[in-house]
Structures are given as C-alpha cells and as structure tokens.
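Down below is the structure, laid out as structure tokens.
First listed ligand is number 1; within each ligand, the first listed atom is number 1.
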Amino acid sequence: MTNILPTYPRSNLAFTHGEGCYLYSSDGNKYLDFGSGIAVNSLGYSNDYLNKKLIEQSEKLWHVSNIYQIPEQERLAKRLCDVSFADYAFFCNSGTEAVEASIKIARRYFHKKENSKIKNEIITFEGSFHGRTIGSLAAGGPDKLESFNTTVSGFKHIEFGNHDLLKKEINENTAAIIIEPLQGEGGIREVPIECLKGLREICDQNDILLIFDEVQCGVGRTGKMFAHEWSGIFPDIMTIAKAIGNGFPLGACLTSKTVGSKMDFGSHGSTFGGNPLASAVGNAVLDIMLEDSFFDNLDKVSHNLFSGLQSVQKDFPDIIELVRGRGLMLGIKCKVKNTDFVENARANKLLSVKASDNIVRIMPPLILSLKECNEGIEKIRATCESFKS
Ligand SMILES: *Cc1c(COP(=O)(O)O)cnc(C)c1O
C-alpha cells in the first residue's frame, strides 16, 4: 500500500542519482534519459554550474515574500523580456499556474480596456493540454471536466487545424486564442508556421489576444529559445515552465506592456512564485542557454537525431510509422502500442515518454552530445528489433 494518492501509474523504477544525460536506478542500472522528466531537465542532471548557483543562493536566502524587492527575480524578468516579445513577467511555480495567469490577464485586459463584460471567451484546440487546475482543464476541453461534475463557461474547444470552423466561432465575445505552437501531450503535433501567421492575422483583425502555451515546447526545446520564434510572429501572452528551472519548480507568464499594464496591485499573486531560490536557478539556466554555442550544438545534435530516427523508421516500417517534431522535441508514431515501445526501450536502458496519438516522445536533455545521441539511436533500433524476436 502506498500513501501517495494514486493519480499516476508508476513504473517500478526508482532512481538514486543522475549525471548529464544519464539516470542511475536503485537496482544498479544506467539509463540514457530521452524523456528529461517530461522536458524539464533540459540541462541534464548534476550540472556543476547549476548546483553551485543553487547552493550559493540557498546559503544566502531561500524565500522572501513578493511584498519585498527580489533582485534575482527582477533580473530574471528582465532577461526573459530581453530575449522575447514581452515587457512583463509574472512568476509562479508550475505550468498550470502560468496558464491560469494567462487566462486572467487576457480577460482582465478587455474588462479594463473596454469595460467589456462579455469579451471573455477563450478559444482552445482539441488535443491541447494546458494543465490540471480547473481553468487550465477547461482550456483543455469540456470532457476533461466532466468526471468532476464541473462545467466552466467562457471556453470554446474546437477542432485542431480547421480554419473555417475557427473563423465561424469567432464573435464579439472572443477574448483570446490559446494554443501550443507544438503540442506535447497531444502527440508532438506542430502548428504549421503558415497557420501561426494566420492566427496572428485573425487575432489582429478581431481584437483578440494570442496566447502561446510554451510550457513544454519553450525554453530551448525546439532549438530556439521559444518555439514560436520559428514562425517570426509573436503572441501577446506566453506561458513557460518545465525547463526554466531544470527541475526546480518555476513557471512564468510573459506579456506585453499594453496587455500586462491592465493588471494592478492585488489582481494576481503567488506566495512562492519567483522567490530568491527559484529565481537564482532560473537565472543560472539562462546563463547556460544564452551562451553563444548553446543553440549551435543543439542544432547539430537535433538534426543528427532526426535523421537517425528516420533511418530506423525506414528499416522498421512495421514498428514505426513516422517521426515528427522539431529540435529535441520529437515524436515516434508507433505501429505497435506506444506503451509497449516505451517499455521495450526501458528494457534497452533508454527512457522515453508516451503521448496521445500512439506517440512516443523523444526529448533528451538539450546538452546531448553526438555520441550520446548515436547511442540513443542504437537503443531505439534495438527496441525495434526486440519486437521482431
Ligand atoms: C506540462 C504542461 C502544462 C502543465 O504544467 P504543470 O507544471 O504540470 O502544471 C501546461 N501546458 C503544457 C503545454 C504542458 O506541457
């Protein structure tokens, strides 16, 4: 009997420590981690620099309330704004909180700007995942709320990629559109660049705010700091979390001055959000990611991984249907059951994560070397072979 509320199906693996891209289990095995704690441990495990920065800060000050100045948070906000479209950052502790903040900020904007009581509807897409608190669940679609006897108004959940339907559903109540530029849980489904541009146009034409949920695809995962940078267009609001703390709980909602300035004292808050310890870690993550060579290396290794996976696909067309995604956020669409694939990969000492649409997510730490990348490709090849025997 476990005393943990049974909300996760857990494998029997327990890890004692990690080093770079590897995790070591209590039964003495070494695993190459192509899951990264679901896109969290982007700088791998036991990073010396991150450890040093965390320990330094932990010996000075862990927490003070947001009713005081927090220079580490101030610095993190400035740096995130400097590398993005944003002028303001709000800090929290998780992805779902970042999404909740985005919903409040978007609705507040129209409440204040137009004194509008009706412009509160948010359009969301099928297959999306925005978190597990009530508002974020509602953004993920009404069926996610049904089993909790809950309905939430103000969300319209529509088919992914249906442009005509989208145009039809927009009316004077529409406040925002929220979308993951590259769906994670939904099965590594990328919004084509043309569609992102189209969304921006629709939003501009109809006075609608565009929210990008980059909790999974942001902070380097796709080979740029933020996934939407591939499209050349920008959102009004963006959520990030997973990788920004490399495992230390930290999330943020970023927004423009125009939109963010409608939030005033008391309109939102978080006890822990952006405390000195979390902010110090966030800054240390940026120190590494903003180094000149970081994205060049990432570019090389992600191309190597993609072409390697494609050649495995060609050799095992009965096991793998296709490979998709961008950067180090890749999906293997399986012809066998994705859960079986994850299990067989684990037997080959490779960790991966399942997603919808029978996808196995391949999301190694972004510091992956070419050698480790090739080792992973061979493990995936061996995983395919294991289905034949
Ligand atoms: C993981 C995720 C969330 C939720 O993050 P939590 O930290 O688990 O609350 C929200 N949106 C996307 C796109 C995610 O991948």
**Item:** Proximity to ligand 1 by part of Lys242, non-hydrogen separation under 4.0 Å
**Value:** side chain

**Asked** Just heavy atoms, cut-off under 4.0 Å: does Ala241 contact ligand 1 by side chain, backbone, both, or neither?
**Response** neither

I'd like to know if the side chain of [X] pairs up with that of [Y] as donor and acceptor (distance under 3.5 Å, no hydrogens or angles considered).
{"X": "Arg221", "Y": "Ser42", "value": "yes"}
{"X": "Tyr45", "Y": "Asp33", "value": "yes"}
{"X": "Glu214", "Y": "His228", "value": "yes"}

**Request:** For Asn344 and Ser386, run side-chain hydrogen bond (donor to acceptor under 3.5 Å, both in side chains): C-alpha distance rounded to whole Å, both residues' side-chain angles, the deciding distance at 0.1 Å, then the answer.
**Result:** CA-CA 7 Å; Asn344 286 13; Ser386 71; 3.2 Å; yes

**Prompt:** Of all the atoms in ligand 1, which lie at a distance below 4.0 Å from a heavy atom belonging to Glu180?
**Reply:** 13 (C)

**Asked** Can you list the ligand 1 atoms lying under 4.0 Å from a non-hydrogen atom of Gly131?
**Response** 4 (C), 10 (C)

**Pairing of Lys168 and Asp164 as salt bridge, 4.0 angstrom limit** = no

**Prompt:** Is a salt bridge present between Lys53 and Asp48, judged by a nitrogen-to-oxygen distance below 4.0 Å?
**Reply:** no

**Message:** Taking a cutoff of less than 4.0 Å between a non-hydrogen atom of the residue and any ligand atom, is Gln183 in contact with ligand 1?
**Reply:** no

**Geometric cation-pi criterion Arg107 and Phe155, 6.0 Å radius, 45° cone** = yes

Based purely on interatomic distance, does [X] place a nitrogen or oxygen under 3.5 Å from a nitrogen or oxygen of ligand 1?
{"X": "Arg132", "answer": "yes"}
{"X": "Glu185", "answer": "no"}
{"X": "Phe129", "answer": "yes"}
{"X": "Gly95", "answer": "yes"}

**Prompt:** Do the ring planes of Phe160 and Phe125 sit parallel (below 30°), tilted (30 to 60°) or perpendicular (above 60°)?
**Reply:** perpendicular

**Fill in**
min-distance protein heavy atom vs atom 9 (O) of ligand 1 -> Thr96 N, 2.8 Å

**Identity and separation of the nearest protein heavy atom to atom 11 (N) of ligand 1** = Asp213 OD2, 2.8 Å

